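Heavy-atom basis, side chains included; hydrogens, waters and symmetry copies ignored. Everything quoted here is computed from the prediction, not taken from an experiment. Proteins come first, then strands; the chains are lettered A, B, ... in the order of their sequence lines, and each starts at number 1.
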2 protein chains.
Amino acid sequence: MAGGSYRATDNGQMEERSHVNLKQLSQMLGLSQTTVSRALNGYPEVNRETRERVLKAVRETGYRPNKAAQRLATGKAGSIGLVMPTAPGHPSDVHFSEFLTGLGEEALRHDFHFVLTPADPNDEVGALKRLAASGNVDALFITYMRGHDPRLEMLKSLSIPFLVHGRSFGTEPDYPYLDIDNEAAFYDATKLLLQLGHKRFALLNGPIYLDFAIRRKNGVTAALAERGLTLNEACVSHTAMTDEQGLFAMERILQLDERPTAILCSSTVLALGAVRAINQAKLKLGEDISLIAHDDVLTLLKPENFTVPLTTTRSSLRAAGVRVAERLIGEIKQLDTFPEQELWKTELIVRASTGVAPAE
Amino acid sequence: MAGGSYRATDNGQMEERSHVNLKQLSQMLGLSQTTVSRALNGYPEVNRETRERVLKAVRETGYRPNKAAQRLATGKAGSIGLVMPTAPGHPSDVHFSEFLTGLGEEALRHDFHFVLTPADPNDEVGALKRLAASGNVDALFITYMRGHDPRLEMLKSLSIPFLVHGRSFGTEPDYPYLDIDNEAAFYDATKLLLQLGHKRFALLNGPIYLDFAIRRKNGVTAALAERGLTLNEACVSHTAMTDEQGLFAMERILQLDERPTAILCSSTVLALGAVRAINQAKLKLGEDISLIAHDDVLTLLKPENFTVPLTTTRSSLRAAGVRVAERLIGEIKQLDTFPEQELWKTELIVRASTGVAPAE
DNA sequence: GTGAGTAGCCAAAGCGCTTTGAGAAATGAG
DNA sequence: CTCATTTCTCAAAGCGCTTTGGCTACTCAC
């Protein structure tokens with residue numbers, strides 16, 4: 001009994017060392033592995049007293065079932081997999097992490113974890129396949145949807161549940177998704193600007209292959225079309241969602257002959273750069289030029305904190321993360337059936353960056 | 001042979017369905033599981049021809065070993081675990097995600113993935129324990145180190161390799177870490193400001209229980225002490241690293257009677273708020289007041305993009321992520337032995353936000 | 001007292017992989 | 001031609017868990 005302290009002793013004392021396994025535990029208790037397992041997993045055919053003894057022993061030993069073994073035996077692992085788009089030089093993305101925070105918040109409540117596979121944006125299909133085949137995840141989740149996204153077919157062929165954040169333009173919407181109504185958001189925003197008398201519009205958008213970018217542009221175009229206006233392609237930019245790109249794009253657009261008076265931005269991050277360009281050009285935001293940005297409710301970048309607070313279309317990316325986790329976990333646990341497809345409306349919040357169009 | 005297309009056929013044809021397992025694969029090939037496994041894992045005692053046949057079959061079937069089974073059998077899982085501090089209402093943290101991006105970048109190169117366990121910041125010890133006991137990770141990594149961090153003892157008692165990002169003030173440094181020299185960074189920054197003639201200093205710091213905050217403060221104090229100066233506690237704030245907190249803290253400090261002329265910020269995020277407060281007070285940055293911030297090289301917040309570019313102490317958080325992953329993966333694969341402890345120097349980069357102290 | 005029914009427990013199979021310990025075949029030495 | 005080596009391959013055990021299919025008592029009704 002002397003020697004290594006904290007080790008199992010003959011009288012069935014607990015040990016502090018980490019790895020007790022089922023077998024050892026059941027031996028200590030003089031029970032079979034079956035019974036212990038059942039006691040732990042809440043099966044009814046275990047005597048109340050026995051169960052309590054087991055639970056007590058678990059507490060004392062600090063026993064934790066080995067997840068890999070559990071996974072192997074059940075096929076469930078309590079984890080959801082996602083692909084983290086990255087590559088050397090690929091900028092870290094605040095949008096992604098805001099979303100991740102939401103996922104985490106919900107996963108925490110259910111003792112789930114994620115398996116993050118970093119992947120080159122060009123090999124997401126492969127990364128997903130690997131993740132699914134690894135047998136390490138119960139469900140998959142994808143985002144940054146593209147038009148005609150090739151990942152959808154792949155996911156549908158797998159037998160593992162999945163959920164899409166966003167949609168894939170040009171693909172039959174026969175998959176479970178959670179998306180915001182991007183088209184309506186930008187339609188409404190454009191409409192507001194039209195009502196303020198603006199006629200010349202610019203759009204600082206995300207990469208054109210991304211679904212949300214396509215839909216937002218469509219929203220703008222549709223609203224303009226109702227007034228017989230069109231969107232000048234020279235006033236549209238499709239770039240990565242960074243402030244620098246916003247700056248460059250805006251600088252370029254401000255040099256055009258027929259300078260637009262109304263700017264739509266796909267993110268407050270782009271707006272950050274755009275506003276800088278506007279300031280540098282000595283233009284007054286909300287007077288000389290109006291701007292509406294889409295606000296993902298990023299922790300770091302609050303539209304109300306801009307020198308001139310920004311008018312925005314708002315939808316919390318973090319809340320979307322929470323919801324995605326909720327649905328995915330629910331599905332794995334086979335709790336409820338959720339609506340397959342959700343489309344969230346955005347809010348249009350008017351602040352100081354929008355004003356009546358300047359006189360010609 | 002008719003019926004389900006894409007299924008294995010007698011002649012050993014490939015199948016498109018995802019889950020082929022070792023047993024099936026070896027049967028197709030007329031080999032034992034042993035041989036196939038060895039062929040795949042690069043053991044020498046396999047005939048060259050046989051190995052090539054195996055590899056070919058793998059390509060055709062899309063066979064992927066089940067990670068859970070592999071894990072169970074070997075004890076290695078190709079994954080590193082980390083705790084993601086989160087809670088409902090807990091703000092998403094750009095610093096964390098910048099770091100994560102670095103981790104991902106390196107993990108990608110080695111086909112590793114992470115297991116992210118979200119945890120309430122108050123239960124990180126518990127979360128780590130769970131993660132380790134789950135048997136799902138090969139190594140652990142912790143960050144947001146605190147003074148006398150309780151997680152260290154716990155990790156040391158585990159048999160799983162780990163790496164610390166940061167250090168724990170007040171604890172014997174007998175654990176593997178990667179840290180930047182926070183004290184030197186802030187010592188140097190303070191010294192620069194002293195040379196410019198500043199006498200009254202303020203420090204916008206992170207939460208005082210965090211190691212880096214302690215050390216940075218020490219750096220400032222040390223530099224001041226050399227000139228017989230002390231840091232007025234009213235001019236020190238310890239807050240979460242958000243721009244809003246930076247704003248509030250700076251507003252408060254600017255109202256003090258003996259207003260400081262030199263500000264040190266623990267992050268460009270805090271600086272973002274601080275600069276806003278300075279602007280609102282109609283003070284000229286770099287003239288009326290000087291500011292040096294620590295720059296983690298956040299994608300979104302480049303000090304050179306501030307209206308008045310910021311003087312900074314710089315060290316890339318992302319690069320740290322890469323390095324941490326590199327070391328951890330190296331250790332798991334037992335490749336090289338790395339230096340146990342690394343302390344990176346920061347760079348002091350002078351831009352426009354620092355200037356000669358205003359005349360009294 | 002007998003048979004059906006139930007409560008509580010267990011032994012053993014199986015999840016898909018790696019690895020140990022041998023065995024068969026091929027090669028080389030004497 | 002024989003025996004020792006080397007080369008390649010395999011059967012089987014084991015990783016830690018869940019789950020199937022009993023088995024043993026015990027209770028209750030008739």
Side-chain angles (χ1 to χ4, degrees), chain A residues 17-54 57-58 61-79 130 132-138 159-160 333, chain B residues 17-54 57-58 61-79 130 132-138 159-160 333:
Chain A
R17 305 247 322 108
S18 47
H19 290 330
V20 199
N21 62 23
L22 228 210
K23 194 171 174 184
Q24 293 164 6
L25 189 67
S26 58
Q27 274 168 1
M28 283 180 189
L29 288 162
L31 288 170
S32 75
Q33 297 191 36
T34 311
T35 305
V36 177
S37 171
R38 302 213 122 133
L40 290 175
N41 296 322
Y43 281 68
E45 61 267 60
V46 178
N47 191 347
R48 179 200 187 75
E49 243 175 60
T50 313
R51 165 165 293 138
E52 273 160 11
R53 260 181 66 217
V54 171
V58 166
T61 55
Y63 166 78
R64 292 273 165 195
N66 178 310
K67 289 261 179 192
Q70 231 167 6
R71 167 62 174 173
L72 197 53
T74 60
K76 305 276 164 215
S79 69
R130 282 195 294 277
S134 81
N136 255 341
V137 298
D138 298 324
S159 50
I160 187 172
K333 292 194 172 169
Chain B
R17 306 245 323 106
S18 48
H19 289 331
V20 198
N21 62 24
L22 227 210
K23 195 171 174 187
Q24 292 163 7
L25 188 67
S26 57
Q27 274 167 0
M28 284 181 191
L29 287 163
L31 288 170
S32 75
Q33 297 191 37
T34 311
T35 306
V36 177
S37 171
R38 302 212 125 136
L40 290 175
N41 296 323
Y43 281 67
E45 62 268 60
V46 178
N47 191 347
R48 179 200 187 77
E49 243 174 62
T50 314
R51 167 165 293 141
E52 273 160 13
R53 258 179 67 215
V54 170
V58 166
T61 55
Y63 166 79
R64 292 274 164 195
N66 177 310
K67 289 262 179 191
Q70 231 167 8
R71 167 62 175 172
L72 195 54
T74 59
K76 304 277 166 212
S79 69
R130 281 195 295 278
S134 81
N136 255 340
V137 299
D138 298 325
S159 49
I160 187 171
K333 293 193 172 173

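When every heavy atom of A:A68 is checked against every heavy atom of B:L72, the shortest pair comes out as CB-N, 4.4 Å. A pairwise comparison of heavy atoms in A:M28 and A:V20 identifies CE-CG1, 4.3 Å as the closest pair.
Between B:L22 atom CG and C:dC15 atom P the separation is 13 Å, expressed in whole Å. Atom-to-atom, CG of A:N66 to P of D:dC15 comes out at 12 Å; the value is rounded to the nearest Å. Going from atom CG of A:N41 over to atom P of D:dT19 covers 7 Å, rounded to whole Å. Between A:E49 atom CD and C:dA7 atom C1' the separation is 14 Å, expressed in whole Å. The CG atom of B:L72 sits 13 Å away from the C1' atom of C:dT19 (whole-angstrom rounding). C:dT18 atom P lies 13 Å from atom CZ of B:R64, rounded to whole Å. In this entry the distance linking CD of B:Q24 with C1' of C:dC17 reads 13 Å, nearest Å. Rounded to whole Å, atom P of D:dG16 lies 10 Å from atom OH of A:Y63.
The line from OG1 of B:T35 to CD of B:E45 is 9.0 Å long, rounded to the nearest 0.5 Å. Note that the NZ atom of A:K23 and the CD atom of A:Q33 stand 7.0 Å from one another [nearest 0.5 Å].
Using a distance-only test at 3.5 Å, with no hydrogens or angles considered, a donor-acceptor pair links the side chain of B:T61 to the main chain of B:A57. Side chain of A:R53 to backbone of A:L29: a donor-acceptor contact under 3.5 angstrom is found. Panel note: side chain A:R51, backbone A:A39; a donor-acceptor pair is recorded below 3.5 Å.
In the displayed structure, A:E49 atom CD is contacted under 6.0 Å by at most 12 heavy atoms of other residues, nucleotides or ligands.
By the 4.5 Å heavy-atom criterion applied to side chains, B:N21 and B:N66 are not counted as neighbours.
Contacts of A:T74 with the nucleic acid, taken as non-hydrogen atoms under 4.0 Å apart, involve only primed sugar atoms and P, OP1 or OP2.
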List, with names and distances, any nitrogen or oxygen atoms from the protein found under 3.5 Å away from nitrogen or oxygen atoms belonging to nucleotides 6-10 of chain D.
{"from": "D:dT9", "atom 1": "OP1", "to": "B:T50", "atom 2": "OG1", "distance (Å)": "2.6"}
{"from": "D:dT9", "atom 1": "OP2", "to": "B:N47", "atom 2": "N", "distance (Å)": "3.1"}
{"from": "D:dT9", "atom 1": "OP2", "to": "B:T50", "atom 2": "OG1", "distance (Å)": "3.4"}
{"from": "D:dC10", "atom 1": "OP2", "to": "B:S32", "atom 2": "N", "distance (Å)": "2.9"}
{"from": "D:dC10", "atom 1": "OP2", "to": "B:S32", "atom 2": "OG", "distance (Å)": "3.3"}
{"from": "D:dC10", "atom 1": "OP2", "to": "B:T35", "atom 2": "OG1", "distance (Å)": "2.8"}
{"from": "D:dC10", "atom 1": "N4", "to": "B:R38", "atom 2": "NH1", "distance (Å)": "3.4"}

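A:Y43 has a side-chain polar atom (N or O) that falls below the 4.0 Å cut-off from OP1 or OP2 of D:dT19.
Inter-axis angle, ends of the helix from C:dG1-D:dC30 to C:dG30-D:dC1, five pairs per end, rounded to 10 degrees: 50°.
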